Number of protein chains: 2
Amino acid sequence: MAPANPIATLGYAILGLLARQPLSGYDVAARLKVPVGFYWTAHYSQIRPELQKLQQAGLVTYEAIPGPGPHSKKVYTITQPGLDALRAWLTQPPKLEAPRNELLLKTHSLWLAGPGEMLPLFRAAAAVHAEHLAHYEAVRERMEVKHGERLTMPDTPEFAEYATLRRGIGFETECLAWCGWMIERLEDRQDRG
Amino acid sequence: MAPANPIATLGYAILGLLARQPLSGYDVAARLKVPVGFYWTAHYSQIRPELQKLQQAGLVTYEAIPGPGPHSKKVYTITQPGLDALRAWLTQPPKLEAPRNELLLKTHSLWLAGPGEMLPLFRAAAAVHAEHLAHYEAVRERMEVKHGERLTMPDTPEFAEYATLRRGIGFETECLAWCGWMIERLEDRQDRG
DNA sequence: CAACTCATGTAATGAGTTACATGATTGT
DNA sequence: ACAATCATGTAACTCATTACATGAGTTG
């Protein structure tokens, strides 16, 4: 039988953020868009109940700061049991992801449509990947200038950030190359009629 | 207001399979493991109600073949309206995917653990990607030998298959390279103490 | 003054997983 | 005999998205 309140992966994602610094629920949501959003996303309405669970389990605490809005701002901080739980989860082998790529799904049926109809999809995808790549490369250069040698030391938060960034750059580069190949193939077909 | 019974992406994934050949529910599930499973997966208990919806919407029909088991085997075939719906969906811009990569999430917190604890994760991941890559490369060679020139013609199902395969190869290659870099970094740190 | 961001909260719906049950065929 | 595969079906559950509501502060 599984434990009564197993912590979901999202819970660990949140703990991972709070291990770096205390954050409000809104700030957690913002970081689950950028930069963590590249490999794990969640909406605020999903984050809220998860933070409550973590708090009830004693893995985080919060301090309510009376703010200007209708609700007081809650700043969450990770506790020692929270850090322990996060460390224990870290070394567990990750479960395989369920891949979901709608563009590839469409690609699998692209023989049903003409090249002219499908080209815009790949051009749009290429543009998005190019934009991401440019952004990541800019962040990378800033990091390399700012932190230098520290980015080769695996025991710093900066290295962890840099490592995920490298993965993002590799991923986007590969996507872009594939889109380029697809566009080439489709344009070639279009030209020949 | 959205239509009463909008077809989910999974529905189009199924239609895409049936556009190639008639299949039983079980066969659809099998193909949503391999080879479509690389970019879209689903369990049989999810596929079943989706097939029912498609059938009620007139996009597929089925023929019940009395089989040996307790239930008669149902072989589903796509209809003309089904093909039309699939073609219309094809050219719609795909919605952005919610990325979920647990290994990257752990990487983001790897500064909390020692290199010796994290190394097995990356070695295991590298092994899985190497295995996938070898498999894809084998399929690719078989396809290139068997179909040759046809793989450059975007209006054949073979090209569509080949195109998604190329994406898989690129993806796995990139994953492997990144895992290799991570292992190198962590081993280096471990050796120096 | 309209639009946007910060910041919390609720409700409803849809997507996806897990576990279970039935039963014939095929391979070890 | 036992396990695996083929093949369908049901129920309970968790995960995730969407839409909505409140209200202050900032920017063009």
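A quick note: this is a predicted structure, and the numbers were derived from the prediction, not measured. Here is how names work: the chains are called A, B, and so on, in the same order as the sequence lines, proteins then strands, and each is numbered from 1.
OP1 or OP2 of dG9(D) has at least one side-chain nitrogen or oxygen of K74(B) nearer than 4.0 Å.
Taking every heavy atom of residues 91-100 of chain B and every atom of DNA chain D, pairs under 4.0 Å involve A98(B), R100(B), by number. Contact check of residues 16-48 of chain B against DNA chain D (heavy atom, cut-off under 4.0 Å) returns S24(B), G25(B), Y26(B), D27(B), Y44(B), S45(B), R48(B).
Residue pairs meeting the salt bridge (Lys or Arg N to Asp or Glu O under 4.0 Å) criterion with at least one member in residues 106-122 of chain A, sequence neighbours excluded: E102(A)-K106(A).
With rounding to whole Å, I14(B) atom CD1 is found 13 Å from dG16(C) atom C1'. Distance K73(A) NZ to dG25(D) P: 14 Å, rounded to the nearest Å. Between the CD1 atom of I65(B) and the P atom of dC6(D) there is a distance of 17 Å, given to the nearest Å. The distance between atom CG of L51(A) and atom P of dT10(C), rounded to the nearest whole Å, is 14 Å. Rounded to a whole Å, the CD atom of E50(A) is 11 Å from the C1' atom of dT14(D).
For Q56(B), there are no side chain to side chain donor-acceptor pair (under 3.5 Å) partners two or more places apart in sequence or in a different chain. Listed by chain and residue number, K95(A) satisfy the side chain to side chain donor-acceptor pair (under 3.5 Å) test with T9(A) (two or more places apart in sequence, or in another chain).
With T79(B) contributing its side chain and G58(B) its backbone, the two residues share a donor-acceptor pair below 3.5 Å. Panel note: side chain R185(A), backbone P154(B); no donor-acceptor pair is recorded below 3.5 Å. Put simply, the side chain of R189(A) never gets that close to the backbone of D155(B): no donor and acceptor are under 3.5 Å apart. Between the side chain of R100(B) and the backbone N or O of T41(A) there is at least one donor-acceptor pair closer than 3.5 Å. In this structure, W178(A) contributes its side chain and A163(B) its backbone to a donor-acceptor pair below 3.5 Å.
A continuous path of hydrophobic side-chain contacts links L119(B) to Y162(A) [ILVMFWY only; heavy atoms under 4.5 Å].
Aromatic ring pairs are classed by plane angle as parallel below 30°, tilted from 30° to 60° and perpendicular above 60°; the pair Y76(B) and Y62(B) is tilted.
Between Q21(A) and D27(A), every side-chain heavy-atom pair lies at or beyond the 4.5 Å cut-off.
Comparing the local axis fitted to the first five base pairs of the helix from dC1(C)-dG28(D) to dT28(C)-dA1(D) with the one fitted to its last five gives a bend of 50°, rounded to 10°.
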